[in-house]
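These notes concern the structure reproduced below.
We count ligands from 1, going down the list as the structure has it; atoms in each ligand are counted the same way. Every heavy atom of this structure was used, including side-chain atoms; hydrogens, water molecules and symmetry mates were not. FYI, the numbering just counts along the sequence from 1.
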Amino acid sequence: MLIYPSVESLLYYAQSHLLLDDLDVVWARNLILDELKLTDYVQYEVDYEAIESLDRPDTVLAPLVNYAVDNGIITEDKREYFGGKLMNIVCKRPGEIADIFDEQHRKNPVKAFDWLYDYGVKSDYVKLTKIGENIKWEAKGTRGKLEITINTCRPEKNNKDTEAALKATKSGYPACTICKENEGYAHGSQIRQTLRTVPLELGGEEWFWQFSPYAYFNQHGIAVNSEHVPMKVDDSTIVKLFDFIDFMPGYFIGCNAALPRIGGSVLTHDHFQGGAKLMPMHKAGALVKLKNKEYPYIDMCIVDWYNSVLRLACSNREKLIEFAQKVNNAWQDYSDESVGVIAKTSEQHNAVTPIVRKADDKYVIDIILRNNRTTDEYPDGIFHAHPEYHNIKSESIGLIEAMGLFVLPGRLARQTAEIEKYLTKEEKYSEAKLAPDMLCHKNMIERLVKAVGSSKISPVEAKLNIKDEINRVCEEILVNTAVFKPDEQGKAAFLKFLATLDIAEK
Ligand SMILES: [Zn+2]
């Protein structure tokens, strides 16, 4: 197979989309040839217009990676690694990217982030095609829509992978998967040759922004502390979130609670999550309008949402920060045993998840109240997904899910297809025949099979039944995480807490 036109296509793609300088083309071509173990070259014409219209590099990159596999240059498992290596040759370097971003940011922050994101997609760092394979739908919900995604992007790790990962010697470099040292790093599953970050200054500290390669929503990314220091949510965190919003008013930005079971997956490294998306919770209105005499200009309400959210909005940044800090500090120590909230035992249990954005020229901060206490009955947390829902989701409910965007494990794609067969009666259900990894769904399957009864349903109906069940579970999980339940008793308890801050019903 003639590989030269493919090399030429990638080079022209990079000139069109990745700002590859004309003066760098010969150099880049020779580096690519070296990777392909070629020493000769003949220049071919390629379909320039088609290449100009591409929105991602898949079609220009794949032939080169295939060539490398077919010719024994790489093994099958090194496809992503090799693809990243080639793209890195034709991409701008981190410093150049930061300079271009900075120049654009001075004129228009939103456009600068759009550009950076587009560069991430065009350089194959953001895996748009993979992300597109996720299964997504909307659930109506009783208090506003939920968005549900079955995340098929990343293949599930099997036992063999886990074992291999355990055996692999950990050098401690990079210290974690979001450290600055990952820029350009490529080892194991951490393929980051084309990662490009831009610097941020938050609360007087050096931070940086990077997009997520397997985004859950549009322009999903993280703001990361340049130092590998643990997560925390204190007065300075609130300031940093506002600093970010001043830097990028088009995004929301939120910080996970800094405690296990109610935070995100990375607690060892201080970071925020954000992006260009109005989350389901953001669309929820007021359940109870509130006021505080000392801060009459701050709009406040309990949000009509599944878990416990206090919303504050104001155009005065300093006053809003000050009040949000008071709420955070008050919650740290607040207990109400009548609803099971105990701030601390031998360890801290109360924490908040603050999320900041701008709307109608006002700053808006949503403060989700969380608690991570466990009991014998709920060893994973009283305010965590209860055990009967772990077949759908057992990982901790971080801020993205708390705001109503559920990311469910990829295994569900396969498992729900299996359950479908029982409902359409393509296969007869029997507990004894359940595969080991289907056992967790036993109760759910039996409930669904019973509901269908002897009637015959189509695969489409079966799918809908399963989705309805997943929708219901996601809603229940959110209610599980509510420290004040969305009922009358919960509302009264919520108001009792707010009274300690001199907040009363309007
Ligand atoms: Zn780190």
Side-chain angles (χ1 to χ4, degrees), residues 80-81 84 88 93-95 97-98 101 116-117 120 125-127 151 153-154 157 161-162 164-216 219-234 236-241 243-244 247-248 251 253-275 348 351-355 372 395-401 407:
E80 192 186 341
Y81 169 78
N88 197 34
R93 293 194 178 195
I97 293 285
F101 176 85
L116 186 66
Y117 177 73
Y125 168 71
V126 176
K127 307 287 182 193
N151 185 18
C153 266
R154 282 191 237 217
K157 285 199 173 95
D161 294 331
T162 316
L166 271 177
K167 277 184 191 157
T169 42
K170 260 257 166 220
S171 67
Y173 179 85
C176 80
T177 55
I178 62 172
C179 271
K180 176 80 175 165
E181 287 75 17
N182 286 287
E183 203 169 29
Y185 189 74
H187 180 66
S189 61
Q190 195 71 357
I191 308 288
R192 297 287 183 268
Q193 295 108 317
T194 51
L195 167 60
R196 299 292 183 266
T197 70
V198 291
L200 303 169
E201 195 190 314
L202 304 182
E205 291 176 6
E206 273 181 44
W207 285 53
F208 61 91
W209 173 264
Q210 68 174 66
F211 286 107
S212 168
Y214 296 99
Y216 296 155
Q219 301 193 11
H220 179 192
I222 51 177
V224 188
N225 193 323
S226 292
E227 302 282 326
H228 178 81
V229 292
M231 292 278 298
K232 61 172 183 183
V233 183
D234 61 11
S236 74
T237 310
I238 312 271
V239 173
K240 286 171 197 160
L241 291 172
D243 281 357
F244 183 89
F247 188 74
M248 176 43 178
Y251 283 178
I253 189 86
C255 182
N256 262 313
L259 298 177
R261 297 184 291 278
I262 53 172
S265 49
V266 180
L267 286 172
T268 51
H269 192 148
D270 205 7
H271 71 286
F272 305 148
Q273 288 203 58
Q348 178 68 24
V352 304
T353 299
I355 302 116
N372 82 339
E395 299 91 340
S396 61
I397 304 298
L399 76 125
I400 302 299
E401 270 140 345
V407 182

Quiz item: Looking at K180, E181, H269, which hits side-chain hydrogen bond (donor to acceptor under 3.5 Å, both in side chains) with H228?
Solution: H269
Quiz item: Around the Zn ion (ligand 1), how many protein N, O or S atoms are closer than 2.8 Å?
Solution: 4
Quiz item: Taking NZ, NE, NH1 and NH2 as the nitrogens, is one of them in E183 or R196 under 4.0 Å from a carboxylate oxygen of the other?
Solution: no
Quiz item: Where the side chain of R261 meets the backbone of N372, is there a donor-acceptor pair that is under 3.5 Å apart?
Solution: yes
Exercise. Look only at the side chain of T237 and the backbone of K232, and say whether a donor-acceptor pair between them is shorter than 3.5 Å.
Key: yes
Quiz item: Angle class for the W209/Y251 ring planes (parallel below 30°, perpendicular above 60°, tilted otherwise)?
Solution: tilted
Quiz prompt | Ring centers of F272, W207 separated by less than 6.0 Å | solution = yes
